[in-house]
Number of protein chains: 2
Amino acid sequence: MTLADTAPAAEPRASLRERKKLATRRSLRRHALDLVAQRGFMHVTVEDIAEAADVSPRTFFNYFPSKEAALFGADPERVAALREGVLHQAPGEPALDALRQVLVAEARKVTSELGDLGGEPQEMLRRMKVVRADPHLRAAQSAHMANIESALAEALAERLGKDPARDPYPALLASIAGAVIRATTVFWASTGGAEPLDQLTDRAFQALADGMPEHCSLRPVIRTAAPGKDEE
Amino acid sequence: MTLADTAPAAEPRASLRERKKLATRRSLRRHALDLVAQRGFMHVTVEDIAEAADVSPRTFFNYFPSKEAALFGADPERVAALREGVLHQAPGEPALDALRQVLVAEARKVTSELGDLGGEPQEMLRRMKVVRADPHLRAAQSAHMANIESALAEALAERLGKDPARDPYPALLASIAGAVIRATTVFWASTGGAEPLDQLTDRAFQALADGMPEHCSLRPVIRTAAPGKDEE
DNA sequence: GGGTCATGTTGCGCTCACTGAAAGCTGGTA
DNA sequence: TACCAGCTTTCAGTGAGCGCAACATGACCC
């Protein structure tokens with residue numbers, strides 16, 4: 001495994017130490033995903049993953065707080081970026097719209113060829129397929145998302161100038177946003193990534209804005225303005 | 001601790017064995033809640049709980065699959081009831097409305113004086129206060145809710161005659177319903193139960209049906225008997 | 001009441017996730 | 001080169017959770 005690849009290196013090339021750390025992180029992530037895809041989450045131990053990545057088990061926990069985190073650990077920086085987006089995206093417009101824009105953009109990033117964290121293409125898809133297959137992992141994903149939802153709720157409350165202790169709206173919206181993300185992502189994986197995740201996300205938010213009608217257009221729709229759109 | 005109390009005994013009085021089992025279950029739940037409320041989830045071991053309830057630690061796991069489950073374990077029968085409700089409540093009406101009715105009714109039951117599982121009054125409130133305080137527990141609650149969401153999604157798909165593999169609507173709606181439950185419940189706890197949970201739930205669903213407008217009426221509204229619609 | 005069976009409880013041993021501390025290794029730097 | 005900061009490893013320990021084999025106890029029948 002070479003250390004200096006896959007990254008377009010827009011930055012002045014991090015120190016060797018940093019590169020090694022990033023490589024180890026990726027290696028752990030990658031091997032965790034591989035092993036879990038092969039054997040199922042339950043039948044993979046942290047020791048297995050560490051061994052595959054050629055580090056000690058203890059080192060695994062220096063990188064990830066839990067076995068699950070190696071699969072869908074969102075870096076703090078990404079959460080901070082979401083926060084930032086929720087606060088400042090589309091000022092003046094409704095928070096729901098801003099949230100929608102931010103999350104659609106995030107979905108696009110995460111599923112772009114490079115994959116998140118600069119990993120392999122399709123990595124996100126593989127990850128979600130694995131998650132989809134295992135109820136325990138779906139639960140763990142929900143748990144993980146709960147933390148992100150908290151951050152979102154906080155940001156939404158700030159944007160709206162509402163006191164979370166008095167108004168449930170920010171927390172409610174944040175929870176719903178999390179639900180949308182989880183549902184669309186799992187569905188996306190179940191179709192093998194046939195329809196881009198960002199479009200699915202956008203349509204889900206449209207349905208939400210329309211009051212979740214039963215015959216809503218969760219299937220491809222011709223929309224003006226933003227993303228080009230196809231019909232089915 | 002007497003065995004035969006708290007239950008109005010509409011039934012022919014279960015066998016001694018059944019009564020003991022139920023008593024043990026309640027005792028474990030109760031002591032788990034007490035201890036966690038005192039010391040925090042992290043600082044309570046299963047051994048502590050078992051000791052307090054006067055059973056062996058092994059027995060604890062005969063009743064609950066995990067430490068968390070003693071706090072917010074929904075009995076399978078209750079989930080089955082939800083499923084049933086989603087399938088057959090308000091036939092002909094939109095699934096969202098049926099879901100709303102079912103969950104509002106559930107909220108009323110769960111927060112009724114008797115508490116769920118026939119426990120103490122206010123037990124639900126104490127439980128949710130504890131959950132609200134601890135991020136780990138909030139995550140665990142999300143994880144737990146994910147399972148219920150799966151059941152809801154299945155039921156919704158059946159009701160709507162939609163194929164979950166082709167249409168994300170049922171899963172999306174189920175996830176959102178779970179999000180609504182979690183958000184409203186946590187908020188309800190944060191207000192100390194000032195406003196009835198079922199009303200909060202109903203208003204949250206109203207907001208959802210209205211497309212989550214920012215200035216929606218999540219605060220008390222004068223509403224007539226049945227969901228006779230209000231304008232905001 | 002006594003015998004028998006089904007069911008529930010317990011003790012034991014084990015795996016594995018996860019953590020703190022101390023010692024060893026390695027890259028950055030003067 | 002020498003030193004220091006930061007990373008990795010080893011080690012020892014806690015605690016969740018599970019399978020299994022006794023053991024205890026209601027339930028049932030006579």
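In the text below, chain A, chain B and the rest are named by the order of the sequence lines, each starting its count at 1. Since the structure is predicted, the reported quantities are computational estimates derived from the model, not experimental observations.
- Taking 4.5 Å as the limit, every side-chain heavy atom of B:Ser175 sits out of range of all side-chain heavy atoms of B:Leu172.
- Judged purely by atom type and a 3.5 angstrom limit, A:Ser27 has no side-chain atom pairing as donor or acceptor with the backbone of A:Ala23.
- Not counting sequence neighbours, the partners of A:Phe41 by the side-chain contact (heavy atoms from CB on, under 4.5 Å) test are A:Val36, A:Lys67, A:Glu68, A:Leu71, A:Asp134, A:His136, A:Leu137.
- A search for salt bridge (Lys or Arg N to Asp or Glu O under 4.0 Å) contacts involving B:Lys129 returns nothing, not counting sequence neighbours.
- In this structure, A:Thr111 and A:Gln122 have side chains that are not in contact, with every pair of non-hydrogen atoms separated by 4.5 Å or more.
- For the contact set between residues 50-57 of chain A and DNA chain D, defined by any heavy atom under 4.0 Å, the members are A:Val55, A:Ser56.
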Working for side chain to side chain contact (heavy atoms under 4.5 Å, CB included), residues A:Leu103 and A:Ile181: CA-CA 8 Å; A:Leu103 293 180; A:Ile181 296 174; 3.9 Å; yes
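- Reading DNA chain D from its 5' end, the first and the last nucleotide to sit under 4.0 Å from a heavy atom of chain A are D:dA5 to D:dT10.
- Near DNA chain D, meaning a heavy atom under 4.0 Å away, the residues from residues 60-70 of chain B are B:Phe61, B:Pro65, B:Ser66, B:Lys67.
- Taking the salt bridge (Lys or Arg N to Asp or Glu O under 4.0 Å) definition, one finds that B:Arg108 meets it with B:Asp198, sequence neighbours left out.
- Remark: P of C:dC18 and NE2 of B:His136 are 10 Å apart, rounded to the nearest angstrom.
- Between the CG atom in B:Asp54 and the NE2 atom in B:His31 there is a gap of 8.5 Å [rounded to 0.5 Å].
- C:dA17 atom P lies 9 Å from atom CD of A:Glu47, rounded to whole Å.
- In terms of modelled atom types and a separation under 3.5 Å, the side chain of A:Arg159 and the main chain of A:Val86 share a donor-acceptor contact.
- Sorted by first and then second residue, the salt bridge (Lys or Arg N to Asp or Glu O under 4.0 Å) pairs with a member in residues 170-182 of chain B read A:Glu149-B:Arg182; sequence neighbours excluded.
- Checked against salt bridge (Lys or Arg N to Asp or Glu O under 4.0 Å), A:Asp48 has the following partners two or more places apart in sequence or in another chain: A:Arg39.
- Heavy-atom distances under 4.0 Å link DNA chain C to no residue of residues 35-46 of chain B.
- Residues in residues 42-67 of chain B take part in these ring-ring contact (aromatic ring centres under 6.0 Å, His included) pairs, two or more places apart or across chains: B:Phe60-B:Phe64.
- The side-chain heavy atoms of A:Arg83 and A:Glu158, taken from C-beta on, include a pair separated by under 4.5 Å.
- Taking B:Glu51 as the reference, nothing meets the side-chain contact (heavy atoms from CB on, under 4.5 Å) condition, with sequence neighbours excluded.
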Give me, pair by pair, the N or O atoms of the protein and of nucleotides 25-28 of chain C that are less than 3.5 Å apart, along with how far apart they are.
{"unit_1": "C:dT26", "atom_1": "O2", "unit_2": "A:Arg17", "atom_2": "NH2", "d": "3.1"}
{"unit_1": "C:dG27", "atom_1": "OP1", "unit_2": "A:Lys20", "atom_2": "NZ", "d": "3.2"}
{"unit_1": "C:dG28", "atom_1": "OP1", "unit_2": "A:Leu16", "atom_2": "N", "d": "3.0"}
{"unit_1": "C:dG28", "atom_1": "OP1", "unit_2": "A:Arg17", "atom_2": "N", "d": "3.4"}

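- Under the 4.5 Å side-chain criterion, counting only non-hydrogen atoms from C-beta, B:Glu123 is not in contact with B:Arg30.
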